[in-house]
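Structure, as structure tokens:
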Amino acid sequence: MRPHLLFPMLLVFVCGGLTLLVGLEAFEAPPPDGNATIRAKAGASEIVISTTNRVAGAIHSLIWNGKEFLDSSDHGRQLQSASSFECDKDGISETFNPTEAGSLADGAGDGSSSKLLRIRARGAELETTVQMAFWLQPGEVSQGHLARNQTVLSNHLVSKCVHIGHKSLPHVIEYTVTFTLPKGEKHTFAQFEALTGYMPAEFGRFWKYDASKLKPLDDGPGEQGLPVVLATESGTHAMGVYSPDQPSRGYEMAGYGRFRFPPQRVNKWNCVFRLREPKGLKPGDYRYRMFVLVGNLEDVRTTLDAPVSYTHLRAHETGRN
């Protein structure tokens, strides 16, 4: 058994005693089943979200109105979360990169290097906690830079709470992510990709939400400061993201990214937060709230635009009416 002594203690706290400590050894219950589905009505269809053991309980599928919104071909292309540290120094985010669904080496395989610790799925709500694998294995290289991690499995946890629908808004998926930084690591810069969605190439129209309108957004690639939406050419299917926690201090013109990968036939959006602390980031929880919009392009626009949605969400999260 790997000597991850921190995590038996965390399991007792988080999962209600699934691990029994006896002397120096830990006896773990069987891993939870990561195959789960939640659903709820949104307009003329349901939003159906599924997780799998293959990606350690990350979201493998999101279907609305007969169409799959995700391209889950490897272990990086889900609706999922990841973190990266000290990437401000070399600009390479993958050299110390805990990732929810698993590692690059997991490829298109049936297993994940990440470890699902807890899952609960009921009705329209999903909760998971995952011990994240590093995206690169020890000795692997990204853009000429060697992986800085010495193990396959990190000591970093990510927990998510996902609820389809928010108040009177059926096309909103309320999505809260908590990253837990372990003790014993020294980091001065964190980049939290709180959420990213990898979508099939047919979601090829990029939009930004600006002053009650959806405006065309160029390919970038990269981030800018306005909520992004990816849609099909006809606009019959679209997905966007907004966070009341944006922007990060010092990164007011960033936070919402869009990327097109023609060779892989996949497009991506993300919602990113950054923290810098020269004396070192404190271990513990870092929590971010997001709202994922799913429907047709007009559903997404009106949900962002309505007083009870875009502006209401901001007021709700700060306690204003």
Side-chain angles (χ1 to χ4, degrees), residues 38 40 42 47 49 59 62 69 79-83 100 124-128 158-181 190-197 206-215 217 222-231 238-258 268-277 281 284-295 297 299-321:
I38 62 172
I47 295 174
I49 292 174
I59 292 177
L62 190 156
F69 279 61
L79 186 65
Q80 69 158 318
S81 306
S83 54
E100 181 182 2
E125 187 165 277
L126 167 73
E127 296 179 0
T128 69
V158 65
S159 300
K160 65 177 178 283
C161 181
V162 181
H163 190 276
I164 304 173
H166 177 80
K167 295 187 177 293
S168 62
L169 305 173
H171 290 278
V172 171
I173 301 170
E174 190 172 1
Y175 207 114
T176 302
V177 173
T178 303
F179 296 92
T180 303
L181 272 58
Q191 179 172 286
F192 295 112
E193 188 173 52
L195 195 59
T196 185
F206 295 178
W207 303 89
K208 60 184 176 182
Y209 180 84
D210 184 12
S212 301
K213 295 180 181 180
L214 287 176
K215 300 179 179 180
L217 180 62
E223 299 171 38
Q224 42 82 64
L226 295 171
V228 296
V229 178
L230 272 59
M239 176 185 282
V241 64
Y242 159 72
S243 173
D245 292 341
Q246 287 285 12
S248 299
R249 182 178 298 178
Y251 295 90
E252 286 75 16
M253 302 305 293
Y256 297 102
R258 79 291 193 195
K268 157 181 170 158
W269 57 262
N270 63 6
C271 184
V272 180
F273 298 88
R274 294 173 175 86
L275 290 173
R276 188 185 304 277
E277 178 49 66
L281 294 168
D285 293 345
Y286 294 81
R287 179 174 178 262
Y288 300 99
R289 299 156 295 171
M290 291 153 293
F291 297 89
V292 179
L293 302 310
V294 172
L297 194 59
D299 293 329
V300 170
R301 187 195 68 78
T302 55
T303 301
L304 283 167
D305 189 49
V308 294
S309 58
Y310 185 67
T311 53
H312 168 74
L313 291 175
R314 288 186 294 183
H316 172 72
E317 294 301 329
T318 57
R320 300 192 303 269
N321 292 318

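Between L230 atom CG and L297 atom CG the span is 10.5 Å, to the nearest 0.5 Å. Separation of atoms CG (D245) and OH (Y286) is listed at 14.5 Å; rounding is to 0.5 Å. Interatomic distance, OG1 of T128 versus CD of Q80, reported as 11.0 Å (0.5 Å rounding). From Y175, atom OH reaches atom CG of L126 across 7.5 Å, with rounding to the nearest 0.5 Å. Atom SG of C161 is separated from atom CD of E125 by 4.0 Å, given to the nearest 0.5 angstrom. Here the CD1-CG distance, from I47 to L62, works out to 6.5 Å after rounding to the nearest 0.5 Å.
By the 4.5 Å heavy-atom criterion applied to side chains, V300 and H171 are not counted as neighbours. In this structure the side chain of I59 never reaches within 4.5 angstrom of the side chain of F69, judged on heavy atoms. Proximity of L226 to K215: side-chain heavy atoms (C-beta onward) are nowhere separated by under 4.5 Å. Inter-residue side-chain proximity for V229 and L293 is flagged as unmet; no heavy-atom pair is nearer than 4.5 Å. Side-chain atoms of L214 and Y209, non-hydrogen and from C-beta on, do get closer than 4.5 Å to each other.
Judged by distance alone, with hydrogens and angles left aside, the side-chain atoms of E252 form a donor-acceptor pair with the main-chain N or O of G250 at under 3.5 Å. Remark: the backbone N or O of D285 is not paired with any side-chain donor or acceptor of T180 at under 3.5 angstrom. Judged by distance alone, the side chain of E193 and the main-chain N or O of A82 form no donor-acceptor pair under 3.5 Å. A donor-acceptor pair under 3.5 Å is formed between the side chain of R258 and the backbone N or O of G222. Between the side chain of Q246 and the backbone N or O of V272 there is at least one donor-acceptor pair closer than 3.5 Å.
Taking the six-membered ring where tryptophan is involved, the planes of F291 and H166 are perpendicular, since the angle between them exceeds 60° and thus also 30°.
S83 is linked by a side-chain hydrogen bond (donor to acceptor under 3.5 Å, both in side chains) to nothing, counting only residues two or more places apart in sequence or in another chain. With sequence neighbours excluded, no residue forms a side-chain hydrogen bond (donor to acceptor under 3.5 Å, both in side chains) with R287. With sequence neighbours excluded, no residue forms a salt bridge (charged side-chain N to carboxylate O under 4.0 Å, His left out) with K208.
Figure legend: cation-pi geometry between R274 and Y251, with NZ or CZ positioned under 6.0 Å from the six-membered ring centre and within 45° of its axis.
Nearest heavy atoms, S212 versus R301: O-NH1, 3.6 Å. Heavy-atom minimum distance, A194 versus S81: O-OG, 2.6 Å. Between I164 and A40, the shortest heavy-atom contact is CG2-CB, 3.6 Å. Here the closest non-hydrogen pair linking Y256 and C271 is CE2-SG, 4.2 Å.
F192 and Y288 have their aromatic ring centers within a separation under 6.0 angstrom.
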